[in-house]
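To start, the structure itself, in structure tokens.
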Protein chains: 2
Amino acid sequence: MTGKLPAYFDENSEPISARIATGLHKIGLAMKQQSWQQANGAGLSATQGQILAALVADGPLTGKELSERLGVTLPTISDSVRVLVEKALVTRSADPRHPRASLLTPTTEGAALGARARSWPEFMADAVADLSPEEQRAFFAGIVKMIRMLQEQGLVPITGMCVTCTHFRPNVRPGTSPHHCAFVDAPLSSEQLRIDCPEHELAAEPARRAVWEQFMRRG
Amino acid sequence: MTGKLPAYFDENSEPISARIATGLHKIGLAMKQQSWQQANGAGLSATQGQILAALVADGPLTGKELSERLGVTLPTISDSVRVLVEKALVTRSADPRHPRASLLTPTTEGAALGARARSWPEFMADAVADLSPEEQRAFFAGIVKMIRMLQEQGLVPITGMCVTCTHFRPNVRPGTSPHHCAFVDAPLSSEQLRIDCPEHELAAEPARRAVWEQFMRRG
DNA sequence: TGATGTAAGTTAGGACTCCTAACTTGTCAA
DNA sequence: TTGACAAGTTAGGAGTCCTAACTTACATCA
């Protein structure tokens, strides 16, 4: 039955991986526009919104930490933070951990805006909601693996994902919830993995690789 | 067997759709950085690279068409095109279809750069390549549906996808290649669907909706 | 007690992105 | 012939993002 039809597209189409890349590109377009619009609607710039969202999600952070999370350089952060301080949306306080660092904390008003900013990607969640649960699981699994590989290439900051966390124990029991989080001491299924956990603690390199390999070894 | 374990994460974790959204956000971060770096390495700005890539992929386009494809306004395109013309990477010629429009065509050098720019998302294809073929199919299916839904919301331009094309005939035969492309008169499987087909011709609204519904009706 | 180093930020400056608003200019229809 | 429409351009301004060069605090070690 294979070879029965001339299979025009097998020869003339780009490989599926390239088309996935193109598709993600289009989705990225929507995200960019959306976050721009949402931020402007809230009287913020896009990065200001992201900063507030990060502070609300992960607690007080230093400029350095923000620059890593958002994937921009320190001067860019410094600039946006200055504006946020002027607007009285965040305050600085000394960081006990680092000599010259200052922890950024949102004010009441800033926290409210940050909470709203966190929900900006929800327009995508809406689009995802129309997929069947099974499709969502498959989609999510692909995303987790893909992010991990992009992290290997140094293109995505390593934060928040279970699969790089000291507390993560992959495939420790049979059944639908094979993984375990040692932090909250609770079982965890593959589709419950976190992408942005505030308790994430980066595992050291050899352990990190071992955890990933054990995670990928299904069965 | 359900309910056997306390299911901490069922209660304390965000829904999977939200985590998918966050994940896509992270991937978007990598795309943004990557295209910035690649473009700079080629002596272009990010949008200039995108414009050249679009011209190489889809043939001569007008400014208007470019602005729709890239999701930016006409002035932004106009500005970048001016620079590209100064650099002798594209030329303008009259468009027979529209009175005041001008078709943009890459020069030899521009076409070479555009071809390189087209391959910039390949770093993602590499990350995708490590997924199993089955995972890739599922991932791709999710992307196609998601883009379609974002198009409905007007967040992604409607171009290049089979599922909005006059030539697309979904689910017309049983088996692994149920669809058909009337343009090249060839059968088509779900994972061969195109995301960015230059022959795409937008179907009129009632037909478009009907096609989508028939596409979603599996079996 | 200093000299040197390191890490976190800031400032300065420049290229690019991206928008809105206002204008120009061809074509077509009333 | 007048007016509407569509495609572009220009002007102006806010924001993004970088590199390079500084500042400042503490830590270390001679």
Starting at [atom1] of [X] and ending at [atom2] of [N], how long is that distance when rounded to a whole Å?
| X | N | atom1 | atom2 | answer |
| --- | --- | --- | --- | --- |
| L104(B) | dA7(D) | CG | P | 14 Å |
| Q48(A) | dT16(D) | CD | C1' | 11 Å |
| N40(A) | dG15(D) | CG | P | 8 Å |
| R82(A) | dG15(D) | CZ | C1' | 11 Å |
| D79(B) | dT10(D) | CG | P | 9 Å |
| L84(B) | dT17(C) | CG | C1' | 14 Å |
| L70(A) | dC18(D) | CG | C1' | 16 Å |
| Q33(A) | dT17(C) | CD | P | 15 Å |

Between I77(A) and S80(B), who's closer to the 5' end of DNA chain C by nearest nucleotide? I77(A)

Please tell me which of L74(B) and L103(A) maps to the more 5' nucleotide of DNA chain C, matching each residue to the nucleotide holding its nearest heavy atom.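 The residue whose closest nucleotide sits nearer the 5' end is L103(A).
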
Please determine whether the number of non-hydrogen atoms from other residues, nucleotides or ligands lying under 6.0 Å from atom CD of E109(B) exceeds 12.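 No, the 6.0 Å shell around CD holds no more than 12 heavy atoms from other groups.
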
If you measure from the Lys or Arg side-chain nitrogens to the Asp or Glu carboxylate oxygens, is any gap between [X] and [Y] under 4.0 Å?
| X | Y | answer |
| --- | --- | --- |
| R19(A) | E191(B) | no |
| E65(A) | R69(A) | no |
| R116(B) | E122(B) | no |
| R209(A) | E213(A) | no |

Could I get a table of every N or O pair under 3.5 Å where one atom is in the protein and the other is in nucleotides 20-24 of chain C?
none

When you measure from the side chain of [X], which nucleotide among [options] comes out closest?
| X | options | value |
| --- | --- | --- |
| K64(A) | dT16(D), dC18(D), dA8(C) | dA8(C) |
| T62(A) | dC17(D), dG9(C), dT17(C) | dG9(C) |
| S45(B) | dT17(C), dG9(C), dT16(D) | dT17(C) |

Let me have the donor-acceptor pairs involving side chains of residues 158-167 of chain A, under 3.5 Å, with sequence neighbours excluded, atom names and distances please.
from: T164(A); atom 1: OG1; to: M161(A); atom 2: O; distance (Å): 3.1
from: T164(A); atom 1: OG1; to: H200(A); atom 2: NE2; distance (Å): 2.7
from: T166(A); atom 1: OG1; to: E201(A); atom 2: O; distance (Å): 2.8

Would you please confirm or rule out a distance under 4.0 Å between OP1 or OP2 of [N] and any side-chain N or O of [X]?
| X | N | value |
| --- | --- | --- |
| R92(B) | dA7(D) | no |
| K32(A) | dC18(C) | yes |
| S78(B) | dT9(D) | yes |

Of L44(A) and W36(B), the one whose closest DNA chain D nucleotide lies more 5': L44(A)

Is the F168(B) to H180(B) ring centre distance short of 6.0 Å?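 No, they do not, as the ring centres are separated by 6.0 Å or more.
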
